[in-house]
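A short write-up of the structure that comes next.
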Protein chains: 2
Amino acid sequence: MKAVDILNNHNLKRTSCREGIIEVVMISRQALSENEIREQLVGNYDRTTFYRSFKTLEEHKIIHKIVVDNQCVKYALDNTITHKGEHAHFYCNTCDSVQCMDKVPIQKYQLPDGYSDIETEVLIKGTCSNCKQENN
Amino acid sequence: MKAVDILNNHNLKRTSCREGIIEVVMISRQALSENEIREQLVGNYDRTTFYRSFKTLEEHKIIHKIVVDNQCVKYALDNTITHKGEHAHFYCNTCDSVQCMDKVPIQKYQLPDGYSDIETEVLIKGTCSNCKQENN
DNA sequence: CTGTGTGCAAACACTTTGCAGGTGT
DNA sequence: ACACCTGCAAAGTGTTTGCACACAG
């Protein structure tokens with residue numbers, strides 16, 4: 001699936017900014033921050049444009065946002081595109097990377113009577129395999 | 001355990017702001033935002049003072065911060081005070097409340113090789129028992 | 001051609017920092 | 001008395017909004 005097709009499928013206009021964001025995020029094995037995305041894009045875009053593009057892509061469930069500690073914001077391809085289901089996110093304290101743990105499904109939590117759950121977010125913090133190696 | 005004792009135990013000076021925050025948070029069954037805390041406090045305090053007080057109390061593990069969707073910030077008594085262990089947090093989409101699910105322990109997630117976890121945050125979003133009743 | 005996306009400037013909200021003066025111990 | 005807390009002003013940062021122009025369909 002190409003970025004252009006994704007945009008078409010969602011009836012979104014094909015603009016270089018949107019297309020670029022999707023491509024960059026699609027290739028990356030990690031969730032990326034606005035700046036990391038900017039670095040990998042060919043054109044140069046205003047911050048406002050990024051914000052609006054992220055918002056649009058998020059609303060159409062093309063990408064999803066992961067927030068760590070109220071300040072670090074990263075984006076990754078959404079489940080509806082990857083078809084990998086709901087998963088936990090991993091944040092590495094050492095290298096600040098965020099990874100979608102496709103193989104770590106969200107577990108079911110038993111809530112008290114009267115509570116109904118719609119969505120569960122799991123963020124695991126620790127050291128990723130890359131950073132662990134470097135410590136040895 | 002009174003608020004004053006908690007401050008003493010952590011070698012923190014007893015100021016009305018800190019004492020008030022702890023008392024309000026301790027009584028509440030829900031996590032509270034800065035404004036919700038302000039409303040229940042007797043004195044009036046500058047935002048800066050709040051920020052610094054929250055920071056201090058957080059660093060001493062007297063309260064902990066829960067962030068929903070990168071914008072909604074709430075505070076609750078920390079585990080080390082309540083002695084109730086790590087638990088999931090519940091966010092009600094209807095009334096915007098955040099509750100500590102003392103009875104919902106964090107489950108163990110099996111990470112890929114090389115990853116080590118230090119801390120796991122679980123935020124369950126849905127409808128709380130209060131809001132469910134009102135719909136009936 | 002028409003509606004939508006983009007860039008720029010300005011506004012806004014949250015948080016942090018510096019400093020002078022006040023308070024707890 | 002001294003260290004530290006507080007309030008105020010200002011700066012810093014992330015995000016949103018209004019508007020004119022550009023571009024996709």
Side-chain angles (χ1 to χ4, degrees), chain A residues 2-25 31-60 62-75 91 96 98, chain B residues 2-25 31-39 41-60 62-75 96 98:
Chain A
K2 301 274 291 180
V4 190
D5 301 323
I6 296 174
L7 287 172
N8 283 335
N9 291 346
H10 289 81
N11 290 318
L12 290 174
K13 285 194 177 167
R14 170 190 186 179
T15 70
S16 58
C17 184
R18 291 175 181 173
E19 196 179 342
I21 291 174
I22 296 176
E23 278 170 359
V24 170
V25 166
L32 300 173
S33 67
E34 181 200 329
N35 276 330
E36 290 163 340
I37 293 173
R38 170 174 284 117
E39 287 166 9
Q40 296 184 45
L41 275 185
V42 283
N44 201 22
Y45 299 95
D46 190 81
R47 275 199 103 177
T48 313
T49 306
F50 268 115
Y51 283 122
R52 286 193 272 229
S53 299
F54 288 136
K55 195 176 176 207
T56 304
L57 296 178
E58 223 189 327
E59 285 169 350
H60 286 79
I62 295 171
I63 62 174
H64 73 280
K65 179 153 77 164
I66 305 145
V67 180
V68 183
D69 287 337
N70 197 26
Q71 209 52 270
C72 167
V73 180
K74 305 250 184 175
Y75 300 92
Y91 172 73
D96 272 333
V98 172
Chain B
K2 301 274 290 183
V4 190
D5 301 323
I6 296 174
L7 287 172
N8 284 335
N9 291 346
H10 287 80
N11 290 318
L12 290 174
K13 285 196 175 163
R14 170 191 187 180
T15 70
S16 58
C17 183
R18 291 175 180 172
E19 196 180 341
I21 292 174
I22 296 176
E23 278 171 359
V24 170
V25 166
L32 300 173
S33 68
E34 181 199 329
N35 276 331
E36 289 163 340
I37 293 174
R38 170 175 284 116
E39 287 168 10
L41 276 186
V42 282
N44 201 22
Y45 300 95
D46 190 81
R47 271 198 108 172
T48 313
T49 304
F50 268 115
Y51 283 122
R52 287 194 272 229
S53 299
F54 288 136
K55 196 178 174 204
T56 304
L57 296 178
E58 224 188 328
E59 285 169 351
H60 284 80
I62 295 171
I63 61 174
H64 73 280
K65 180 155 77 165
I66 305 143
V67 180
V68 184
D69 287 337
N70 197 26
Q71 208 52 270
C72 167
V73 180
K74 305 250 185 175
Y75 300 92
D96 272 332
V98 173

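Chain letters run A, B, ... following the sequence lines, proteins first, then strands; residues in each count from 1.
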Residues in salt bridge (Lys or Arg N to Asp or Glu O under 4.0 Å) contact with B:Asp96, at least two apart in sequence or another chain | none

Between C1' of C:dT16 and CZ of B:Arg47, the distance in whole Å | 12 Å

Give a yes or no answer on whether the side chain of A:Arg14 reaches the backbone of A:Leu7 with a donor-acceptor pair at less than 3.5 Å.
-> no

In the 5'-to-3' direction, what one-character label does each nucleotide of nucleotides 4-10 of chain C receive under the scheme B = base within less than 4.0 Å of a protein heavy atom, S = sugar-phosphate only, - = no such atom?
-> SSBBBB-

Does A:Glu23 reach the side chain of A:Gln40, with side-chain heavy atoms less than 4.5 Å apart?
-> no

In whole angstroms, the gap separating P of C:dC14 from OH of B:Tyr51 amounts to 6 Å

Are B:Leu41 and B:Phe50 side-chain neighbours, meaning at least one heavy-atom pair lies under 4.5 Å?
-> yes

Send over the distance from B:Asn35 CG to C:dA13 C1', rounded to a whole Å.
-> 12 Å

Nucleotide range of DNA chain D lying under 4.0 Å from chain B heavy atoms = D:dA3 to D:dT15

How would you label the contact of A:Asn11 with the nucleic acid (heavy atoms, under 4.0 Å): base, sugar-phosphate, or nothing?
-> nothing

Just say parallel, tilted or perpendicular for the rings of A:His60 and A:His10, cut-offs at 30° and 60°.
-> perpendicular

Measure the CD1-CG distance between B:Ile63 and B:Leu57 for me, rounded to the nearest 0.5 Å.
-> 4.5 Å

Do B:Arg18 side-chain atoms and B:Ser53 backbone N/O form a donor-acceptor pair below 3.5 Å?
-> no

Hey, mind stepping through A:Asp46 and A:Thr48 against side-chain hydrogen bond (donor to acceptor under 3.5 Å, both in side chains) and telling me if it holds?
-> CA-CA 5 Å; A:Asp46 190 81; A:Thr48 313; 2.7 Å; yes

